[in-house]
Amino acid sequence: MVLSKEEKEYLYNNIRDIEDFPKKGIIFKDITTLLNDAKAFSTLMQHLKNRYETYNLDYIAGIDSRGFIFGATLAQMLGVGFVPIRKKGKLPATTYAKNYELEYGEDTIEIHQDAFHNIENANVLLIDDLIATGGTAFAAAELIKSTKANCVEACFLMELKFLDGSKNLKKLTNVYSVLEID
Ligand code: AMP
């Protein structure tokens, strides 16, 4: 099911812009307002369910923390397992870790080494709310690769097109963004 122009507008209009958060110059795309609107949340999730039910997925991996909301919901709808990719120090069992660059400094994300139960070439969908520079998602796709699973696609609710963050990520996996923001 392809989303109509009206449905895309409906989703977009339920995302709130917060200026200068978390720091000056950033326009933060707040999805709490979309989650809060039952029709918007359901439209989005039904669209993702329809897109991915033919992908033969084994797992969905969500990025800390808004990727957990969409990822876990979709996993339940598709009847597959959910795997969290978390900020450093949050996962309790043995992990793989990956550093990535931020605008200022760097950060680390982790995945449990046995997250996909060592199923070789498990089909995994990576999901997050937004791709900006693409650094986080690139590191997450590399982590999935570390587990020997296959990242079949990276899915975002929003892509900030002007940052071209998906360019690098496309070297590792397919990229799908529900809303492209100029
Ligand atoms: P990046 O690694 O630059 O692609 O940043 C992506 C991560 O940061 C995602 O987990 C997003 O949730 C978050 N993020 C980056 N920029 C924004 C923004 N303008 N509004 C909301 N979240 C953002």
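Computed from a predicted model, the values in this text were never measured in an experiment. Whatever order the structure lists ligands and atoms in, that order sets their numbers, starting from 1.
- Here's the thing with Phe28: none of its N/O atoms is less than 3.5 angstrom from an N/O atom of ligand 1.
- Contact annotation: the side chain of Phe116 never approaches that of Asp58 to less than 4.5 Å [non-hydrogen atoms, C-beta and beyond].
- For atom 19 (N) of ligand 1, the closest heavy atom belonging to the protein is Ile27 O, 3.0 Å.
- Asp64 has a carboxylate O that lies under 4.0 Å from a charged side-chain N of Arg86, or vice versa, which qualifies the two as a salt bridge.
- Listed by number with element, the atoms of ligand 1 under 4.0 Å from a non-hydrogen atom of Thr136 are 1 (P), 2 (O), 5 (O), 6 (C), 7 (C).
- Between Leu172 and Ile144 the shortest side-chain heavy-atom distance does not fall below 4.5 Å.
- Atoms of ligand 1 found under 4.0 Å from any heavy atom of Gly135 (numbered from 1 in listed order, with element): 2 (O), 4 (O).
- Considering both main-chain and side-chain atoms, Asp128 comes within under 3.5 Å of ligand 1 through a nitrogen or oxygen pair.
- Residue Ile131 has no N or O atom closer than 3.5 Å to an N or O atom of ligand 1.
- Gly134 counts as a contact of ligand 1, since one of its heavy atoms falls under 4.0 Å from the ligand.
- Residues Ile127 and Leu48 form a side-chain contact, since some pair of their non-hydrogen atoms from C-beta on lies under 4.5 Å apart.
- Taking 4.5 Å as the limit, every side-chain heavy atom of Asp30 sits out of range of all side-chain heavy atoms of Phe21.
- The contact set between ligand 1 and Arg66, taken as ligand atoms under 4.0 Å from a residue heavy atom, comprises 11 (C), 12 (O), 13 (C), 22 (N).
- Between the side chains of Ser4 and Glu7, at least one donor N or O sits under 3.5 Å from an acceptor N or O.
- For atom 20 (N) of ligand 1, the closest non-hydrogen atom of the protein is Lys29 N, 2.9 Å.
- Of the protein's non-hydrogen atoms, the one nearest atom 11 (C) of ligand 1 is Asp129 OD1, 3.5 Å.
- Rounded to the nearest 0.5 angstrom, His47 NE2 and Lys8 NZ are separated by 7.0 Å.
- When only modelled atom types and interatomic distance are considered, Tyr100 and Glu142 share no side-chain donor-acceptor pair under 3.5 Å.
- At the top of the distance list for atom 14 (N) of ligand 1, counting protein heavy atoms only, stands Leu130 CD2, 3.8 Å.
- Within the listing of ligand 1, atoms 1 (P), 2 (O), 3 (O), 4 (O) sit less than 4.0 angstrom from a heavy atom of Thr133.
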